[in-house]
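The structure under discussion appears below in the form of structure tokens.
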Amino acid sequence: MTGVIESQENKDLRAAVAALGARHGRGFDRAALWSEAAKLGYLGVNLPEEYGGGGGGMAELSIVLEELGAAGCPLLMMVVSPAICGTVIARFGTEAQRRTWLPGLADGSLTMAFGITEPDAGSNSHRITTTARRDGDDWILTGRKVFISGVDIADATLIVGRTRSAPDERTGRSGGLKPCLFIVPRDTPGFERTGIDMELQAAEKQFELVLDDVRLPADSLVGDEDAGLLQLFAGLNPERIMTAAFAIGMGRYALARAVDYATTRQVWKLPIGGHQAIAHPLAQAHIELELARLMMQKAAALYDSGDDIGAGEAANMAKYAAAEACVKAVDQAVHTLGGNGLTREYGLAPLITAARVARIAPVSREMILNYVSHQSLGLPKSY
């Protein structure tokens with residue numbers, strides 16, 4: 001499944017990561033794989049070379065996650081640490097922040113989580129209530145976050161809070177709240193986490209966070225206080241591209257298991273894959289995964305070229321298409337194996353739950369359809 005639109009360098013990267021994934025495979029040790037992927041330069045392939053990265057972009061990083069997923073050993077924190085946090089710090093962080101964080105994010109010795117979702121502010125980021133106020137040279141953060149991945153293994157979390165802008169000099173009205181990004185180290189006083197009991201079994205756990213008057217130094221603020229929204233969306237497009245890569249990899253893994261089974265399982269005169277009722281749905285799943293990958297590649301190319309607006313539309317479409325293709329591929333794979341599809345031996349049953357993650361996070365498919373309907377088609381906005 002190596003697309004002809006990829007450069008030879010990226011094809012070689014894809015083959016090398018696939019070989020790494022094959023060495024680890026299903027039942028992988030997350031820490032061992034993270035360490036080896038970092039040592040080989042794959043985790044920081046999108047980060048600037050001057051800070052220890054590979055100098056590539058989302059095109060390369062999405063290849064890494066997709067191929068690991070296709071081998072049955074996806075690294076979910078790649079969506080967060082190098083893609084969101086690494087990108088935001090590389091583009092908007094101070095020189096000190098870049099030198100403090102980027103080399104570690106690139107070589108895997110440092111990991112960063114990302115905290116945006118709140119109990120009462122899921123898809124509507126304008127309702128975020130985590131606030132930051134100045135106290136001398138420090139910042140004081142107060143609020144809650146929920147469904148934040150990997151906080152326990154992350155050295156810090158990039159928290160989305162809101163600061164109050166200055167009053168309007170003309171009208172005298174008080175300033176509104178604007179989003180800003182803060183680096184919060186894991187052991188900062190007042191920064192508490194509670195695990196969420198998830199049915200989904202994954203190496204990266206989910207947490208609810210409480211920020212109780214968390215005091216941070218001035219240099220915890222990433223970038224310009226007045227450009228928070230721009231900086232926030234600079235991280236959300238990579239998140240969608242990488243979620244697409246996660247879903248495509250998972251879908252490919254499930255499809256490969258189903259094809260192998262359909263090729264070898266014989267009930268009548270020929271393997272079950274010779275029957276169109278089995279073969280055609282698997283072929284459709286393959287086509288839809290390939291189409292989703294093309295949109296993901298388009299989104300990555302637009303983002304890496306600096307076209308944030310174009311990348312926004314494509315990244316949303318890629319995430320939507322990949323999630324739908326993944327769910328369909330997993331469902332058909334389980335159906336192909338019949339009862340074996342629900343056994344531990346074949347390893348497909350957990351994907352029934354995992355496949356839905358890409359439909360739900362980081363933004364629901366309905367919100368993507370809202371985006372496309374009013375941004376791409378110009379239809380009235382319903383919210």
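Given the structure is predicted, the values throughout are model-derived calculations rather than measurements. Position 1 is the first residue of the sequence, and the numbers go up from there.
- Applying salt bridge (charged side-chain N to carboxylate O under 4.0 Å, His left out) to Glu118 and the options Arg162, Arg144, Lys145 leaves one that passes, Lys145.
- When hydrophobic clusters are built by joining Ile, Leu, Val, Met, Phe, Trp and Tyr residues whose side-chain heavy atoms come closer than 4.5 Å, directly or via intermediates, Leu236 is not grouped with Val357.
- Side-chain atoms of Ser149 and Glu204 form no donor-acceptor pair, as typed in the model, at a separation below 3.5 Å.
- Criterion: ILVMFWY side-chain heavy atoms under 4.5 Å apart, direct or through other members. Under it, Met317 and Leu369 are part of a common hydrophobic cluster.
- Note that CG of Asn46 and CD1 of Ile63 are 12.0 Å apart. Values are rounded to the nearest 0.5 Å.
- When all heavy atoms of Gln97 and Asp219 are compared, the closest pair comes out as NE2-O, 2.7 Å.
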Between side-chain atoms of residues 33-44 and protein atoms elsewhere (two or more places apart, or another chain), which donor-acceptor pairs fall under 3.5 Å?
residue : atom : partner : partner atom : Å
Trp34   : NE1  : Gly108  : O            : 3.3
Glu36   : OE1  : His24   : NE2          : 2.8
Glu36   : OE2  : Arg23   : NH2          : 2.8

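- Residues Ala156 and Trp101 approach most closely at CB-CH2, 3.4 Å, considering heavy atoms.
- Between Met242 and Leu61, some side-chain heavy-atom pair lies under the 4.5 Å cut-off.
- Side-chain N/O atoms of Asp107 and Ser109 include a donor and acceptor closer than 3.5 Å.
- Ion pairing between Glu67 and Arg14 holds under the 4.0 Å rule for side-chain N and carboxylate O.
- Looking only at side-chain heavy atoms (C-beta outward), Pro362 and Lys319 come within less than 4.5 Å of each other.
- The closest side-chain donor-acceptor pair between Glu366 and Asn370, if any, does not fall under 3.5 angstrom.
- Scanning both residues, Glu313 and Tyr371, for their nearest heavy atoms gives N-OH, 3.5 Å.
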Any chance you could lay out the salt bridge (charged side-chain N to carboxylate O under 4.0 Å, His left out) test for Arg98 and Glu50, step after step, and finish with the verdict? CA-CA 10 Å; Arg98 291 171 183 160; Glu50 63 185 296; over 6 Å; no

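- With a 6.0 Å radius and a threshold of 12 heavy atoms from other residues, nucleotides or ligands, His335 has its NE2 atom at or below the threshold.
- When the side chain to side chain donor-acceptor pair (under 3.5 Å) test is applied to Arg134, the partners found at least two apart in sequence or on another chain are Glu225.
- In plain terms, the two heavy atoms of Leu105 and Met112 that are nearest each other are CD2-N, 3.9 Å.
- Of the possible polar contacts, one joining the Asp155 side chain to the Thr111 backbone as a donor-acceptor pair under 3.5 Å is found.
- Val160 and Pro179 make their closest contact through CG1-CB, 4.5 Å (heavy atoms, listed as atom of the first residue, atom of the second, distance).
- What you find for Tyr253 and Gly69 is that their closest heavy atoms are CB-O, 3.5 Å.
- The line from CG of Leu68 to CG of Leu20 is 5.5 Å long, rounded to the nearest 0.5 Å.
- A distance of 9.5 Å separates CG of Leu348 from CG of Asn340, quoted to the nearest 0.5 Å.
- Once rounded to the nearest 0.5 Å, the distance linking CD1 of Ile278 with CD1 of Ile272 reads 5.0 Å.
- Ion pairing between a basic and an acidic side chain is recognised when a charged N comes within 4.0 Å of a carboxylate O; Asp135 and Arg215 show such pairing.
- With Asp260 contributing its side chain and Ala256 its backbone, the two residues share no donor-acceptor pair below 3.5 Å.
- Atom CD of Gln297 sits about 7.5 Å away from atom OG of Ser62, to the nearest 0.5 Å.
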